[in-house]
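The structure appears right after this line, and notes come after that.
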Amino acid sequence: MRVAVCQLNSREDRAANLKVARQLLNRAAAAGADLAVLPEYVDYLGPAAGAPRPEPVDGEFASFFAAAARELRMWVVAGSFREIGPDPQRCFNTSLVFDRDGRLAARYRKIHLYDVEIPGRVSFLESKNVAPGAEPVVVDIEGVRVGLSICYDLRFPELYRRLTVDGGAQVLLVPSAFMLHTGRDHWEVLLRARAIENQCYVVAAGQIGDHEPRRTCFGRSMIIDPWGIVVAQAPDTVGITVADIDLDRLRTIRMELPSLAHRRL
């Protein structure tokens with residue numbers, strides 16, 4: 001399986017963001033990707049006051065990426081968007097997976113919400129406007145078991161262990177908008193840790209650059225193998241990065257160092 005991570009700088013112009021997303025999907029398809037992964041909030045990452053209204057899973061956002069998957073004959077993970085939530089004040093932060101025919105194959109609602117208050121530096125309360133999901137999700141992509149997550153989930157290893165042990169995941173996806181001040185120290189370390197401890201490929205597509213006053217994302221989208229080696233990493237610009245998932249290598253690593261089978265707790 002060939003995978004592509006699409007790195008964007010989404011801002012307050014939703015139409016422009018979607019146009020760039022489609023251009024990157026076109027490039028991923030031209031590079032032979034079977035699966036393309038877009039970042040968190042791919043359609044809008046700007047001031048909260050201008051955010052698009054939450055939509056159902058069969059709304060305009062889903063229709064746009066379903067059409068792209070169908071026309072390009074490629075699996076598409078549409079980063080995340082604002083799905084209609086449990087009450088008028090809160091939406092879900094939801095990732096959608098479309099198959100080569102444009103059919104919705106899976107939906108994952110972000111479980112862990114980014115609530116951080118550092119006086120004078122950072123004030124971000126995702127839970128103010130977003131309701132948490134409750135269900136881990138693994139989807140079968142042409143015989144490959146793929147576990148879903150979104151951004152801040154990355155800091156919670158128990159989610160990925162559950163995706164791997166209970167769901168049989170071989171690949172873990174992390175569409176993100178990882179903040180610059182944490183990303184430069186934690187992004188690669190956490191991604192590689194999740195790959196090593198679960199003996200999975202990790203495919204992480206990130207937002208990059210400034211999006212609104214006081215919000216800058218780290219970028220450095222990457223693909224990591226089950227040994228924790230970064231096999232592909234995006235430069236610090238909008239674009240795509242491609243790598244091949246080698247399931248034989250995954251099986252060899254799990255056979256030669258069967259740490260998942262050695263769990264005691």
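Quick note: numbers below take in every heavy atom, side chains included, and nothing from hydrogens, waters or symmetry partners. Since we're looking at a predicted model, the values are computed, not measured.
R73 pairs in a salt bridge (Lys or Arg N to Asp or Glu O under 4.0 Å) with only one of the listed residues (D101, D34, D99), which is D101. Residue N93 is tested with R109, E40, R82 for a side-chain hydrogen bond (donor to acceptor under 3.5 Å, both in side chains); the sole match is E40.
For F178 and F218, the ring centers sit 6.0 Å or farther from each other.
Cluster membership check: V138 shares its hydrophobic cluster with V202, using side-chain heavy-atom separations under 4.5 Å among Ile, Leu, Val, Met, Phe, Trp and Tyr. V146 and Y201 fall within the same hydrophobic cluster, where Ile, Leu, Val, Met, Phe, Trp and Tyr residues are linked whenever their side-chain heavy atoms come under 4.5 Å apart, directly or through other members. Taking hydrophobic clusters as Ile, Leu, Val, Met, Phe, Trp and Tyr residues chained together by side-chain heavy-atom distances below 4.5 Å, F98 shares a cluster with I240. Both V144 and V77 belong to a common hydrophobic cluster when Ile, Leu, Val, Met, Phe, Trp and Tyr are linked at side-chain heavy-atom distances under 4.5 angstrom. Residues W187 and L190 share a single hydrophobic cluster, defined by chaining ILVMFWY side chains whose heavy atoms lie under 4.5 Å apart.
Inter-residue side-chain proximity for L35 and I245 is flagged as unmet; no heavy-atom pair is nearer than 4.5 Å. In this structure, the side chains of P132 and I111 stay at 4.5 Å or more apart for every pair of heavy atoms. The closest side-chain heavy-atom distance from K128 to R90 is not below 4.5 Å. A heavy-atom distance below 4.5 Å is found between the side chains of V174 and L191. Contact of the E55 side chain with the E60 side chain is registered, since non-hydrogen atoms from C-beta on lie closer than 4.5 Å. Looking at heavy atoms from C-beta onward, R22 lies out of side-chain contact with L18 at the 4.5 angstrom threshold. Between V238 and V20, the closest side-chain pair of non-hydrogen atoms falls below 4.5 Å. Between T216 and M179 there is no side-chain heavy-atom pair separated by less than 4.5 Å.
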Under the side-chain contact (heavy atoms from CB on, under 4.5 Å) rule, what do E142 and R100 come out as? Steps first, then yes or no, please. CA-CA 10 Å; E142 299 178 356; R100 295 184 193 267; 2.6 Å; yes
Could you walk me through whether V76 and V97 pass the side-chain contact (heavy atoms from CB on, under 4.5 Å) test, one step at a time? CA-CA 6 Å; V76 172; V97 181; over 6 Å; no
Please evaluate residues S176 and Q207 with respect to the criterion side chain to side chain donor-acceptor pair (under 3.5 Å), reporting the C-alpha separation (whole Å), side-chain torsions for both, the decisive distance (0.1 Å), and the verdict. CA-CA 6 Å; S176 300; Q207 295 274 4; over 6 Å; no
Given V203 and V5, is the side-chain contact (heavy atoms from CB on, under 4.5 Å) satisfied, shown in steps? CA-CA 7 Å; V203 180; V5 286; 3.4 Å; yes
Carefully, step by step, assess Q233 and E188 under the rule side-chain contact (heavy atoms from CB on, under 4.5 Å). CA-CA 10 Å; Q233 179 174 288; E188 182 177 329; 3.8 Å; yes
Begin with the C-alpha distance, continue with both residues' side-chain angles, and end with the deciding distance and a verdict on salt bridge (charged side-chain N to carboxylate O under 4.0 Å, His left out) for R215 and D210. CA-CA 6 Å; R215 178 164 186 148; D210 296 332; over 6 Å; no
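Between the CD atom of Q23 and the CZ atom of R27 there is a distance of 9.0 Å, given to the nearest 0.5 Å. Atom-to-atom distance recorded for L163:CG and R194:CZ is 11.5 Å, nearest 0.5 angstrom. Taken from CZ in F64 to CG in D43, the straight-line distance is 10.0 Å, to the nearest 0.5 Å. Between atom CE of residue M255 and atom CD1 of residue I253 there is a gap of 10.5 Å, rounded to the nearest 0.5 Å. The SG atom of C91 lies 10.0 Å from the CD1 atom of I84; values are rounded to the nearest 0.5 Å. For the atom pair CG (N26) and CE (M74), the distance works out to 8.0 Å, reported to the nearest 0.5 Å.
Between the side chain of R14 and the backbone N or O of Y44 there is no donor-acceptor pair closer than 3.5 Å. Remark: side-chain polar atoms of D115 are paired, donor with acceptor, to backbone N or O of E126 under 3.5 angstrom. At least one donor-acceptor pair under 3.5 Å links the side chain of R145 to the backbone N or O of G167. In this structure, the side chain of S221 does not engage the main chain of A234 through any donor-acceptor pair within 3.5 Å. Looking at Q7, its side chain never comes within 3.5 Å of a backbone N or O of A205 through a donor-acceptor pair.
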N/O donor to acceptor pairs below 3.5 angstrom from side-chain atoms of residues 148-159, sequence neighbours left out:
| from | atom 1 | to | atom 2 | distance (Å) |
| --- | --- | --- | --- | --- |
| S149 | OG | Y160 | OH | 2.8 |
| S149 | OG | L173 | O | 2.6 |
| D153 | OD1 | H112 | N | 3.0 |
| D153 | OD1 | H112 | ND1 | 2.7 |
| D153 | OD2 | Y108 | OH | 2.7 |
| D153 | OD2 | I150 | N | 2.9 |
| R155 | NH1 | H186 | ND1 | 3.3 |
| R155 | NH2 | H186 | ND1 | 2.8 |

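Residue F61 comes nearest to S80 through the heavy atom pair CZ-O, 4.0 Å, listed as atom of the first residue, atom of the second, then distance. For the residue pair N9 and G209, the shortest heavy atom distance occurs at ND2-C, 3.7 Å. Counting all heavy atoms, side chain and backbone alike, A4 lies closest to V242 at CB-CG2, 3.9 Å. Smallest separation of non-hydrogen atoms from A78 and L38: CA-CD1, 4.1 Å. Here the shortest heavy-atom pairing between L25 and C6 reads CD2-SG, 4.3 Å. Closest non-hydrogen pair, P175 versus S95, comes out as CG-OG, 4.3 Å.
Within 6.0 Å of CD on E71 lie more than 12 heavy atoms contributed by other residues, nucleotides or ligands. Atom CZ of R162 has 12 or fewer heavy atoms from other residues, nucleotides or ligands within 6.0 Å.
Scanning for side-chain contact (heavy atoms from CB on, under 4.5 Å) contacts around R161 gives V165, E197, N198, L260, R263, with sequence neighbours left out. Scanning for side-chain contact (heavy atoms from CB on, under 4.5 Å) contacts around R251 gives L247, D248, with sequence neighbours left out.
Salt bridge annotation for R11-D13: absent, with no cationic side-chain nitrogen under 4.0 angstrom from a carboxylate oxygen.
Side-chain atoms of Q199 and W227 form no donor-acceptor pair, as typed in the model, at a separation below 3.5 Å.
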